[in-house]
Q: 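Got a structure here, written out as structure tokens. Questions coming.
Within every chain, numbering begins at 1; the chains are lettered A, B, ... in the order of the sequence lines, protein sequences first and strands thereafter.
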2 protein chains.
Amino acid sequence: MVTLHDVAARAGVSPATVSRVLRGQTVVAPATRARVMEAVEGLGYHPNIMAQGLRLGRGNQVALLISDIEQAVYASLTKHLQEALQSIGLELLLFNLDHNADRLKGLLERAPSLRLAGVVIASSDPLDLKVLKPLIDQLAAQEIQVVAVGQNLSRHGIPSVFHDDAAAARTAVAFLLQRGYGPVAYLGRTSQSAIGRERFKGYRQALADAGLEATDDLVWSWESRYRYQAGYEAFMTAIGRGVTVRGVLGASDELAIGAMAAAADRGFHIPKDIAIIGFGGIEVGEHARPALSTMSSDPRGVGAHVREVLLAAREGRKVPMRLTLDRQLVIRQSA
Amino acid sequence: MVTLHDVAARAGVSPATVSRVLRGQTVVAPATRARVMEAVEGLGYHPNIMAQGLRLGRGNQVALLISDIEQAVYASLTKHLQEALQSIGLELLLFNLDHNADRLKGLLERAPSLRLAGVVIASSDPLDLKVLKPLIDQLAAQEIQVVAVGQNLSRHGIPSVFHDDAAAARTAVAFLLQRGYGPVAYLGRTSQSAIGRERFKGYRQALADAGLEATDDLVWSWESRYRYQAGYEAFMTAIGRGVTVRGVLGASDELAIGAMAAAADRGFHIPKDIAIIGFGGIEVGEHARPALSTMSSDPRGVGAHVREVLLAAREGRKVPMRLTLDRQLVIRQSA
DNA sequence: CTGAAAGCGCTTACAG
DNA sequence: CTGAAAGCGCTTACAG
């Protein structure tokens with residue numbers, strides 16, 4: 001392994017000077033700088049990240065704590081986040097929470113010993129702030145920047161970037177109602193998930209706007225994961241109970257696609273008999289048949305904003321506390 | 001931050017002793033051990049990963065170099081790999097290659113300075129071993145274990161875990177032929193991807209088994225990403241040229257689903273007019289309508305094997321050079 | 001503008 | 001069984 005000392009020896013300077021050239025914070029004579037750079041290139045030197053991190057009390061890694069990487073919106077977020085971080089020299093340490101609150105807590109506890117530059121929490125689950133807040137404060141004390149993605153935790157002093165889910169749900173349901181697709185059911189979590197809560201709120205608002213009410217039989221509150229099978233089963237169960245609907249708002253595209261499959265299996269024509277709108281804008285929705293109408297999301301925007309927060313923290317600037325991203329109604333075939 | 005010294009002070013021993021207790025390699029008097037452990041618990045001590053890594057010349061992180069995290073099979077692999085690594089105290093550093101060969105090269109070059117415990121290469125792209133081999137040898141010299149996932153690089157001395165893609169493709173095509181779904185087209189990469197090459201080989205073998213030939217019009221060699229849109233366009237293009245097929249083997253489930261959408265849009269009934277089989281066993285295939293028949297994959301098996309390789313390397317045992325995983329034909333509705 | 005020195009928090013060979 | 005000491009590879013305050 002080539003070390004700083006090797007570079008210094010080759011350039012005929014002290015290790016301190018090499019370090020100065022590389023960090024670029026201090027003035028170094030141009031001629032010296034040139035010799036050092038030549039040695040760096042010549043030897044193919046890369047600084048030892050561990051030594052750097054130990055010395056600076058700070059690494060260049062950001063932990064991404066994510067609910068479920070197998071959900072397409074999270075995979076997409078991960079991709080864009082990694083790209084955004086890489087552009088400012090940060091690496092991505094991935095932890096799949098699998099919706100496990102204890103894992104989240106454990107990771108937050110370990111963050112200081114990992115000398116993380118930041119922690120990104122991308123969880124759709126409700127967070128127990130009573131437990132988490134002290135841990136997060138501890139991170140703040142060590143200048144480990146925490147960012148929440150997907151849910152708004154800014155009232156707890158945590159910079160957040162999230163979509164306006166209540167507004168999006170309201171838009172989707174209003175669209176369904178206006179096209180004559182009432183009654184509209186809500187398919188998804190209503191309380192076990194912070195995000196689900198927002199979407200459900202928007203759903204009820206849209207109904208209220210139309211003078212309607214969210215009766216029990218219209219709320220297919222599937223308190224399990226946001227996956228295809230849950231959507232399938234929820235639809236089957238409701239239809240089995242004799243519920244009549246003409247529209248469905250799925251709180252995720254996966255749920256919506258599962259519901260579409262169930263509807264097809266029961267002989268319903270989509271959208272003629274039942275119209276369906278999902279949430280997330282995942283790629284497969286475009287190639288489902290019928291193609292899934294959905295409320296899009298903006299993973300690139302999320303990545304860019306997290307980058308901005310981290311950059312601001314690093315440079316000692318004021319960190320933006322919240323950014324609300326819009327979702328667009330993408331109309332395809334299912335509604 | 002609680003350090004080793006704090007623990008030592010509280011337990012009334014030297015830092016060296018605390019370290020010995022924690023590492024568990026040396027004998028420590030039971031009474032001393034107990035006092036140390038009490039102090040560790042009491043202070044909530046976690047060792048500084050950077051200091052440990054610097055001292056040991058080795059971190060506990062494994063880099064996952066992955067083609068495209070947005071492809072569901074890769075997201076799934078990532079999940080299982082992270083879980084497997086975590087079970088042996090390793091962390092996952094994620095790098096999305098985006099099919100970029102230069103990024104792969106750059107990452108391999110940086111691996112030593114990151115003091116990685118291992119590097120997992122999960123790429124579907126053809127690797128330029130002339131360029132990569134020297135870099136990988138350099139990693140070996142520093143005891144950074146490299147593992148290839150998805151393609152067989154064992155002939156280059158790189159431990160590999162992969163599916164038997166040629167056999168799987170052969171099975172799928174034989175099934176199609178036997179059910180009377182010939183002629184069968186191959187949809188996917190044939191040369192630009194190591195994995196595609198294997199699948200294409202199996203396709204040709206199955207045709208040869210039946211005394212058939214892979215004529216040009218049957219090979220929809222879409223040398224772009226393994227995504228839905230590519231499958232859609234390839235199907236449309238072929239049909240537009242007047243090609244007649246009754247079966248399609250998609251080299252990925254995404255390609256297959258894209259082709260199904262195109263077939264549906266052109267008024268073909270699946271599987272009556274055209275039967276389709278995909279590759280990967282991704283979750284959405286089960287809830288597509290018609291549900292996608294596919295050759296499954298085994299991400300859990302991959303994760304477990306990578307773990308085993310890393311464990312063997314760590315313990316100085318002989319590292320298994322290759323493991324071939326089988327794919328199962330999952331028959332649903334599309335074939 | 002540059003060098004010598006101290007120290008980040010660990011681990012382990014060396015003594016005892 | 002345990003402690004003192006050296007050193008992993010960096011960075012930066014301190015001198016000059």
Q: How about CZ on R300(B), more than 12 heavy atoms from neighbouring residues, nucleotides or ligands closer than 6.0 Å, or not?
A: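 No, because the 6.0 Å sphere around CZ of R300(B) holds 12 heavy atoms or fewer from other groups.
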Q: Side chain of A51(B): nearest nucleotide among dT12(C), dG9(C), dC1(C)?
A: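 Among the listed nucleotides, the one closest to the side chain of A51(B) is dG9(C).
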Q: Quick one: look up who dA4(C) pairs with, Watson-Crick or G-U, both distances under 3.5 Å, and put none if it's unpaired.
A: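 No nucleotide pairs with dA4(C).
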Q: Are any of Q52(B)'s side-chain N or O atoms less than 4.0 Å away from OP1 or OP2 of dT11(C)?
A: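 Looking at the OP1 and OP2 atoms of dT11(C), one of them is under 4.0 Å from a side-chain N or O of Q52(B).
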Q: Would you call D68(A)-K79(B) a salt bridge at under 4.0 Å N-O?
A: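 So D68(A) does not pair with K79(B) through a salt bridge.
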Q: Specify the separation, in whole Å, of atom CG of L56(A) and atom C1' of dA13(D).
A: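 Distance check: L56(A) CG to dA13(D) C1' gives 14 Å.
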Q: Output the rounded distance in Å from CZ (R55(B)) to P (dT12(C)).
A: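 Rounding to the nearest Å, CZ of R55(B) and P of dT12(C) are 6 Å apart.
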Q: Rounding to a whole Å, what distance do you find between L54(A):CG and dC8(D):C1'?
A: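 It works out to 9 Å between those atoms.
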Q: By the 4.0 Å heavy-atom rule, please label T32(A) as base, sugar-phosphate, or nothing.
A: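 Answer is sugar-phosphate: T32(A) comes under 4.0 Å of backbone atoms only.
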Q: State plainly whether the residues K105(A) and D128(A) are in salt-bridge range, i.e. N to O under 4.0 Å.
A: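 A salt bridge is absent here (no side-chain N lies under 4.0 Å from a carboxylate O).
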Q: Quick one: D6(B) CG to dG9(C) P, roughly how many Å, whole number?
A: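 Rounded to whole Å, this separation is 9 Å.
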Q: Identify which nucleotide among dT2(C), dG9(C), dC14(C) has an atom closest to any side-chain atom of T17(A), counting heavy atoms from C-beta outward.
A: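 Looking only at heavy atoms from C-beta outward on T17(A), the closest nucleotide is dT2(C).
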Q: Which one, dC10(D), dT2(D), dG9(C), comes nearest to the side chain of H5(A)?
A: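 Looking only at side-chain atoms, H5(A) lies closest to dC10(D).
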Q: Under 4.0 Å between a side-chain nitrogen and a carboxylate oxygen: does that hold for K133(B) and D137(B)?
A: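 Salt bridge: yes.
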Q: Classify the nucleic acid contact of R20(A) as base, sugar-phosphate or nothing, counting any heavy atom under 4.0 Å across all strands shown.
A: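 Result for R20(A) = base.
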Q: If you measure from the C1' atom in dG16(D) to the same atom in dT12(D), how many Å do you get, rounded?
A: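 dG16(D) and dT12(D) have their C1' atoms separated by 16 Å.
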Q: Please report, rounded to the nearest Å, how far the P atom of dT11(C) is from the CZ atom of R58(B).
A: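 In whole Å, dT11(C) P and R58(B) CZ are 15 Å from each other.
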Q: Identify which nucleotide among dG3(D), dC1(D), dC8(D) has an atom closest to any side-chain atom of S14(B), counting heavy atoms from C-beta outward.
A: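 So the nucleotide nearest the side chain must be dG3(D).
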Q: Under 4.0 Å from OP1 or OP2 of dG9(D): is there any side-chain N or O of Y45(A) that close?
A: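 So the side chain of Y45(A) is outside the cut-off, no N or O lying under 4.0 Å from OP1 or OP2 of dG9(D).
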Q: Closest-nucleotide mapping onto DNA chain D: is L22(A) or G12(B) further toward the 5' terminus? I mean the 5' end.
A: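 It is G12(B), whose closest nucleotide lies nearer the 5' terminus.
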Q: Closest-nucleotide mapping onto DNA chain C: is P30(A) or L4(B) further toward the 5' terminus? I mean the 5' end.
A: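 Here P30(A) is the residue nearer the 5' end.
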Q: Please determine if a side-chain N or O atom of T3(B) lies less than 4.0 Å away from the OP1 or OP2 oxygen of dC8(C).
A: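 No, outside the criterion.
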Q: Specify the separation, in whole Å, of atom CG of N48(B) and atom C1' of dG9(C).
A: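 The distance from CG of N48(B) to C1' of dG9(C) comes to 6 Å, rounded to the nearest Å.
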Q: In whole angstroms, how far is the P atom of dC1(C) from the CZ atom of R33(A)?
A: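 That distance rounds to 10 Å.
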Q: Do the side chains of E143(A) and R115(A) get close enough for a salt bridge, i.e. N-O under 4.0 angstrom?
A: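 So E143(A) does not pair with R115(A) through a salt bridge.
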Q: Please give, in whole Å, the distance from dC10(C) P to L114(A) CG?
A: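 One finds 13 Å between P of dC10(C) and CG of L114(A), rounded.
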Q: Judged by atom type as modelled, is there a donor-acceptor pair below 3.5 Å linking the side chain of N100(A) to the main-chain atoms of D102(A)?
A: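 Present.
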Q: Remember a base hit wins even if backbone is also touched, and classify A16(A) as base, sugar-phosphate or nothing at under 4.0 Å, heavy atoms.
A: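 Base, at least one base heavy atom under 4.0 Å.
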Q: What's the closest nucleotide to the V27(A) side chain, out of dT2(D), dC1(C), dG7(D)?
A: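 When the side chain of V27(A) is considered, dC1(C) is the closest of dT2(D), dC1(C), dG7(D).
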